[in-house]
Amino acid sequence: MFALSIVTQLKKPAMPRLPLEIIIEVLSRLPVKPLVQFKTVCKSWHHLISSNPEFSRLQLQQAKQDSNVHLHRLFLSADPFISLDIEAYCDADENLVTRLHNFPVVDREDDFEFVGSCNGLISAVFGPDSQITIWNPSTGQSRRLPAAPGSFPDDKMSYGFGYDLKLDDYKLVRIASSASCIEVQMEIFNLKANTWRTVHNLNCCVRLQGGSIVALNGVLHWLVGQENEGMMIISFDLAEEKFLDMIQVPDYVTENWGINPGTQLRILQDSLCMCSGSHTTNFEAWKAERYETKVCWTKLFSFSNDQLPGCKYWLNVLSVAKNGSILLNYEGLEILIYNPKEQTLRRFDVPNDWHYFEAITYIESLVSPNSVNGSVAAVYVQG
């Protein structure tokens, strides 16, 4: 279906000796890096690879189904900006490890924070005016969003970024709550419509403090700690634009972690996970699995902090590789790779002329941040 839809959008075949359907089928099975290079073959290939959302969806779908493709990368806001092939590095394949990038940030001294990543797009907020940019590091295309109309207090602000399957659109959410438990302020930016909207009549039974938000299958999740009530997970459906039933955290977490500001939600192995914060005896992750309407939790990994000598404070899990290795961000200074089964520890030497880095995982794709209502908005491309 994807291939036939793409064919109708091209006026003439890229290669007269081959049916266009075959060309599309072959190209869609290639990794992103060679496809970006193939844009120079001819005009029709350039349009197909750069500007055709149907083809980018087909290529991403094929890549997700191919277990041999190294789809996931780790992006570091170091100086210079760099990305890391997660699986290759964990398998000790040094030849496929790093890649340099030019992120569209004007001043490296600006405050910088990742909002999220989805289908190859990374969103970040930076600068004194909280400028928001959506960027595809695989293609270099980026897009700066217009300033949001509302004025929210910075210390109560949270951002989320995800995909609305119903509208086939990407949405960025700004959310804050007042002193009242149910008064929630929310603005949503739709990439296709290129506009901010204020969402009214949101009923939420807890105060939404500022914090990191993760997206999974079109739903935003973030962790809330309440005095005398422990921790709970709040969820917001991007398609329906409404809050869902709260998810209870495991009893073990409540009893042993308490309300730890270092506790984080992460998407690991395509599942929602809770990871223990700093100053705990063991570093752990619990994985949520949904059975009908019930959420069950299983322990994904657990190991003593003694296995990471000198790393007793701010430590966040970034990814879990296929071989079981765990990538960890230690205080924005080091990337650690620990394999609990083999009890081995490696350190990735981050080339960095800045004082620290932010880190986020993403997948390689051709998805453009500039596709608007079937056309393409102004494209900014950096190497």
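Predicted model only: the values in this text are computed from it and were never measured.
For Lys294 and Glu289, the salt-bridge test fails: no basic side-chain N is under 4.0 Å from an acidic carboxylate O. Salt bridge annotation for Asp85-Arg99: absent, with no cationic side-chain nitrogen under 4.0 angstrom from a carboxylate oxygen. With respect to Glu241 and Lys166, no salt bridge is recorded, no charged nitrogen being found less than 4.0 Å from a carboxylate O.
Legend: residues meeting salt bridge (Lys or Arg N to Asp or Glu O under 4.0 Å) with Asp164, ordered by chain and number and at least two apart, are Lys171. Annotation: ring-ring contact (aromatic ring centres under 6.0 Å, His included) contacts of Tyr170 (sequence neighbours excluded): Tyr163. Under the side chain to side chain contact (heavy atoms under 4.5 Å, CB included) criterion, Ile363 pairs with Leu60, Lys64, Leu71, His72, Asn119, sequence neighbours left out. Ala148 meets the side chain to side chain contact (heavy atoms under 4.5 Å, CB included) test with Arg174, Glu187, Trp196; sequence neighbours excluded. For the side chain to side chain contact (heavy atoms under 4.5 Å, CB included) test, residues two or more places apart in sequence or in another chain that qualify with Asp237 are Val219, Ala239, Glu240, Leu244. When the side chain to side chain contact (heavy atoms under 4.5 Å, CB included) test is applied to Gln269, the partners found at least two apart in sequence or on another chain are Lys287, Leu300, Val320. Under the side-chain hydrogen bond (donor to acceptor under 3.5 Å, both in side chains) criterion, Ser117 pairs with no residue at all, not counting sequence neighbours. Remark: Ser235 pairs with His221 by the side-chain hydrogen bond (donor to acceptor under 3.5 Å, both in side chains) rule, at least two apart or across chains. Residues forming a ring-ring contact (aromatic ring centres under 6.0 Å, His included) with Phe357 (at least two apart in sequence, or on another chain): none. Asp66 pairs by the salt bridge (Lys or Arg N to Asp or Glu O under 4.0 Å) definition with nothing, not counting sequence neighbours. Listed by chain and number, the residues in a ring-ring contact (aromatic ring centres under 6.0 Å, His included) with Phe236 are Phe243 (sequence neighbours excluded).
A side-chain hydrogen bond (donor to acceptor under 3.5 Å, both in side chains) with Arg57 holds for exactly one of Glu54, Gln61, Gln59; it is Glu54. Of the residues listed (Ile132, Asn194, Ile134), the one engaging Phe189 in a side chain to side chain contact (heavy atoms under 4.5 Å, CB included) is Asn194, and it is the only one.
Applying the salt bridge (Lys or Arg N to Asp or Glu O under 4.0 Å) test to pairs two or more places apart or on separate chains, none has a residue in residues 315-327.
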Next on the checklist: Between Glu334 and Asp349, does the side-chain contact (heavy atoms from CB on, under 4.5 Å) criterion hold? Intermediate values first, please.
Outcome noted: CA-CA 7 Å; Glu334 285 186 289; Asp349 185 17; over 6 Å; no
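In this pair, His101 and Tyr362 present their aromatic rings perpendicular. The plane angle is above 60°, beyond the 30 to 60° band.
Heavy-atom contacts from other residues, nucleotides or ligands closer than 6.0 Å to NZ of Lys299 number more than 12. Atom CG of Asp168 sits in a crowded spot, with more than 12 heavy atoms from other residues, nucleotides or ligands closer than 6.0 Å.
Judged by the 6.0 Å distance and 45° axis criteria, Arg346 is positioned over the aromatic ring of Tyr89.
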